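Heads up, the thing below is written out as structure tokens.
Just so it is clear: chains get the letters A, B, ... in the order the sequence lines come, proteins before strands, and each one is counted from 1. None of the values given here were measured: they were computed from a predicted structure. Hydrogens, waters and symmetry mates play no part in the numbers below; they use all other heavy atoms, side chains included.
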Amino acid sequence: MARILITSALPYINGVKHLGNLAGSMLPADVYARFNRLMGHEVLFICATDEHGTPAELAAAEAGQTPAQYCDEQHEIQKRVGAGFSLSFDWFGRSSREPNRKLTQHFADVLEDNGLIEERTSRQVYSVDDKRFLPDRYVEGTCPNCGYEKARGDQCDNCGTLLDPVDLINPYSSVSGSKNVEIRDTRHLFLLQSKLQDRIRKWVDARSANWPQLTSSIAYKWLDEGLIDRSITRDLSWGIPVTRHGKTRAGFEHKVFYVWFDAPVEYIGSTVEWAEANQQNWERWWRTDKGADDVAYVQFMGKDNVAFHTVSFPVTILGSEEPWKQVDRLKAFNWLNWYGGKFSTSSKRGVFMDQALELLPSDYWRWYLVANSPESSDTAFTWESFKASINSDLNDVLGNFVNRITKYASAKFEGQVPDGGTPGEHEAWMVQQLQERLPQFIAHYEAMEFRKAAAETRAIWAAGNEYITKAAPWTAYKTSVDQAALGIRTGLNLVALFGIIAQPIIPETAKKILDALNIPEGNRSLDPKKIGEGGYPALLDALPRGLPIAVPPQLFTKIEDAQVAEWKARFGGE
RNA sequence: GGUGGGAUAGCUCAGCCGGUUAGAGCGCAGGACUCAUAAUCCUGAGGUCCCCGGUUCGAUUCCGGGUCCCACUACCA
């Protein structure tokens with residue numbers, strides 16, 4: 001049994017996430033967590049809301065709330081929606097809580113002790129009417145290069161030139177539209193990443209072999225360009241106060257740590273929250289000097305997050321010179337697009353997590369998003385392929401199989417696992433299928449290749465349909481009840497197995513199947529050792545004969561063309 | 001602009017180190033079966049593997065150039 005720590009990139013607090021966010025980190029992390037529990041490993045699955053920063057402050061202001069109120073409310077919403085998708089976090093924390101505050105301030109202290117932080121003065125745009133400094137993208141004005149009037153402070157959307165907000169002509173605040181802006185000097189803490197350049201590269205070299213190409217190429221890109229010292233504080237009120245040895249740092253009374261400095265620390269902070277709430281020991285997961293040296297740590301995230309996890313956060317950890325557990329494997333995802341374009345909140349393109357649950361049960365979405373996971377490149381969501389995938393894979397292949405077998409058992413064998421018959425060529429064929437496919441199924445999951453894992457799952461289900469067609473118990477019944485009993489008994493065992501292997505991706509449906517067959521909780525794992533004991537033939541005769549079984553409620557309903565038309569009209573899609 | 005990724009059947013995608021009749025699922029066509037949610041099973045038709053060069057006995061696979069799509073580009077996260 002291994003110990004596996006799994007974290008998903010933290011969803012930002014600013015509103016319910018869309019399906020792309022779900023597909024690119026939280027969902028695959030959950031599937032991986034569930035798979036590893038299925039294999040009998042000890043798993044700790046951690047996530048949290050990332051709550052600090054300018055967007056949270058602005059969204060709160062727009063909602064007429066304080067940032068704290070706003071975040072309280074949004075956290076609960078995201079937590080509820082996550083639960084609606086059966087995301088099996090051991091803890092879903094908040095970066096605004098005490099443990100993260102303490103840890104973040106601790107890291108800043110030790111980094112400064114180690115000579116990796118210094119104060120510097122920089123020039124920033126200040127909006128007098130908004131009474132705040134403006135991050136680059138909240139300053140707009142006329143592009144000095146092309147004359148476009150709505151260029152943002154960091155880049156002109158019209159000509160693509162990278163800009164410094166100081167260079168904009170007629171700058172104004174995009175928060176209020178006020179033109180009353182000026183350049184002011186401001187003091188900030190800078191993390192001296194350049195000093196750790198070589199150590200980070202060595203650290204990446206030692207690990208990149210275990211990373212997918214997408215991950216390592218992004219990490220090396222940043223290293224090759226050279227790490228630059230970056231400011232880790234901001235002129236904001238919502239965030240973690242800047243302290244030195246526990247006291248407010250002089251001159252930093254109205255500043256907080258930059259959200260990207262504290263957010264990754266919340267992986268640890270959230271674990272502390274979990275430990276405090278459950279009387280657990282968090283250090284055995286995070287401190288290699290206190291038992292975490294045998295932990296395998298796996299991170300999931302979208303590609304936009306990779307640089308922060310392969311370079312920035314490692315700077316914090318390595319620079320601390322403390323024995324923190326660091327990431328072993330890092331799985332990054334491309335984007336799920338909406339009909340080839342982006343999901344967009346403002347133009348109402350795409351489906352958000354809460355809306356998705358209003359339309360259909362979570363397992364429908366989980367299956368599609370895993371089976372079409374944007375692993376090797378960006379992937380387009382379309383209602384047409386969604387419908388085809390659900391109707392065929394879930395309804396016809398799995399749902400119908402479960403239904404046909406359990407109904408027949410109910411009609412002809414009194415709703416029990418029947419006795420009688422001797423396995424023959426058809427059963428041997430099925431055993432061979434399992435022998436080939438189950439190791440593949442496991443290997444794909446272990447390699448974190450989720451599309452392939454889903455495809456293999458489906459292939460195993462499909463083999464069940466093929467088996468029952470060959471065995472044809474309904475024909476055999478006319479001449480030999482024993483022969484029919486063999487087919488149905490084997491079929492029922494397959495139903496149980498199909499439910500077990502379905503658990504990582506479609507846990508709710510899997511539960512319905514396993515409940516209908518009265519499989520005890522303790523017998524729902526797929527421990528390879530157990531398979532080894534009886535070999536693959538035993539999988540087809542695992543249920544006790546005479547075990548009463550029920551016909552589960554209809555597992556899936558087909559998606560109709562009319563629904564697709566309605567959803568396209570409502571959510572966009574072309 | 002720079003950097004990285006992608007371009008393979010109608011659609012979504014697999015195809016480590018060059019040699020395969022180039023594969024899967026969906027969709028489509030034909031057939032079988034009838035236990036089942038008109039579900040399932042079998043068979044089949046579909047591909048100048050983006051373009052142009054080069055290396056090689058041989059290139060979808062390697063190299064160079066080009067075209068198109070996407071992402072990142074560091075104080076939004």
Side-chain angles (χ1 to χ4, degrees), chain A residues 9-14 50 52-56 58 122 124 133-138 152-155 159-162 165 188 193 213-214 216-218 220-222 224-235 258-261 263 302-308 311-312 334-335 337 340-342 371-373 375-382 384-385 387-389 391-393 395-397 399-412 449 451-452 454-455 458-459 462 464-477 484 487-488 491 551 554-558:
Chain A
L10 308 185
Y12 194 64
I13 194 67
N14 194 3
D50 172 16
H52 297 135
T54 310
L58 295 179
S122 61
Q124 289 238 297
F133 281 93
L134 297 173
D136 290 358
R137 293 198 185 184
Y138 289 101
R152 290 175 314 176
D154 56 338
Q155 180 170 23
C159 67
T161 309
L162 294 180
H188 281 296
Q193 299 193 121
Q213 184 186 27
L214 180 63
S216 40
S217 66
I218 292 174
Y220 281 118
K221 185 206 124 199
W222 277 46
D224 291 344
E225 289 178 0
L227 297 187
I228 61 173
D229 301 335
R230 57 204 309 258
S231 159
I232 56 164
T233 52
R234 293 289 182 276
D235 292 285
Y258 174 41
V259 60
W260 258 117
F261 185 69
K303 58 185 168 186
D304 56 328
N305 267 295
V306 171
F308 294 99
V311 177
S312 305
N334 289 282
W335 301 125
N337 286 325
K342 286 187 181 179
N372 297 282
S373 175
E375 289 179 297
S376 60
S377 64
D378 294 352
T379 301
F381 176 96
T382 66
E384 291 78 5
S385 70
K387 167 178 176 278
S389 180
N391 290 357
S392 170
D393 300 347
N395 190 79
D396 298 349
V397 175
N400 179 58
F401 181 79
V402 171
N403 187 252
R404 70 197 294 203
I405 299 293
T406 54
K407 267 199 178 153
Y408 198 85
S410 178
K412 305 287 189 184
E449 302 218 43
R451 269 178 184 258
K452 290 180 180 173
R458 196 204 112 96
N465 278 309
E466 193 175 340
Y467 162 77
I468 208 69
T469 301
K470 291 180 199 283
W474 47 88
T475 305
Y477 193 84
I488 289 304
V551 177
Q554 180 160 333
L555 299 175
F556 305 102
T557 307
K558 282 201 178 194

Expressed as a whole number of Å, how far does the [atom1] atom of [N] sit from that of [M]?
N: B/G6; M: B/C75; atom1: C1'; value: 31 Å
N: B/C11; M: B/C72; atom1: P; value: 26 Å
N: B/C13; M: B/U8; atom1: C1'; value: 9 Å
N: B/A74; M: B/G65; atom1: C1'; value: 32 Å
N: B/G54; M: B/C16; atom1: P; value: 26 Å

Would the base of B/U40 count as contacting A/Asn400 through its side chain, where contact means a donor and an acceptor less than 3.5 Å apart?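 A donor-acceptor contact between them is absent.
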Donor-acceptor pair under 3.5 Å: do we get one between A/Arg234's side chain and the base of B/C75?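 Under the 3.5 Å cut-off, the side chain and the base do form a donor-acceptor pair.
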Report the base-pairing partner of [N] (Watson-Crick or G-U wobble, both distances below 3.5 angstrom), or none.
N: B/C35; value: none
N: B/C28; value: B/G44
N: B/A7; value: B/U67
N: B/C72; value: B/G2
N: B/C13; value: B/G23
N: B/G58; value: none

Applying a 4.0 Å non-hydrogen cut-off, can you work out what A/Ala462 is touching in the nucleic acid: base, sugar-phosphate, or nothing?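 Touches sugar-phosphate only.
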Taking for each residue the nucleotide of RNA chain B with the nearest heavy atom, is it A/Phe308 or A/Gly226 whose nucleotide lies nearer the 5' end?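 The residue closer to the strand's 5' end, by nearest nucleotide, is A/Gly226.
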A/Asn372 vs A/Asn334, nearer the 5' end of RNA chain B by closest nucleotide: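 Its nearest nucleotide lies further toward 5', so the answer is A/Asn334.
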What's the [atom1]-[atom2] distance between [X] and [N], to the nearest Å?
X: A/Ile405; N: B/A39; atom1: CD1; atom2: P; value: 18 Å
X: A/Asn391; N: B/A38; atom1: CG; atom2: P; value: 12 Å
X: A/Leu555; N: B/U37; atom1: CG; atom2: C1'; value: 10 Å
X: A/His52; N: B/A77; atom1: NE2; atom2: C1'; value: 13 Å
X: A/Lys558; N: B/A36; atom1: NZ; atom2: P; value: 16 Å
X: A/Arg230; N: B/A77; atom1: CZ; atom2: C1'; value: 11 Å

For the residue pair [X] and [Y], establish whether any side-chain heavy-atom pair is separated by less than 4.5 Å.
X: A/Arg404; Y: A/Trp474; result: yes
X: A/Lys470; Y: A/Asn465; result: no
X: A/Asn403; Y: A/Val551; result: yes
X: A/Ile488; Y: A/Tyr477; result: no
X: A/Thr54; Y: A/Arg234; result: no

Tell me every residue that passes ring-ring contact (aromatic ring centres under 6.0 Å, His included) with A/Tyr408, counting only those two or more places apart in sequence or in another chain.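 Checked A/Tyr408 against ring-ring contact (aromatic ring centres under 6.0 Å, His included); zero matches.
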Is the glycosidic torsion of B/G46 within 90° of 0, making it syn, or is it anti?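 Glycosidic conformation of B/G46: syn.
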OP1 or OP2 of [N] versus the side-chain N and O atoms of [X]: is any pair under 4.0 Å?
X: A/Lys407; N: B/U37; value: yes
X: A/Tyr258; N: B/A77; value: yes
X: A/Lys452; N: B/G25; value: no
X: A/Thr379; N: B/C13; value: yes

Look up atom OG in A/Ser389 and atom CG in A/Asn395, then write down how far apart they are to the nearest 0.5 Å.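 One gets 11.5 Å once the value is rounded to the nearest 0.5 Å.
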Less than 5.5 Å between centroids and less than 30° between ring planes, does A/Tyr408 satisfy that with B/C35?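 No; by the centre-distance and plane-angle rule, A/Tyr408 does not count as stacking on B/C35.
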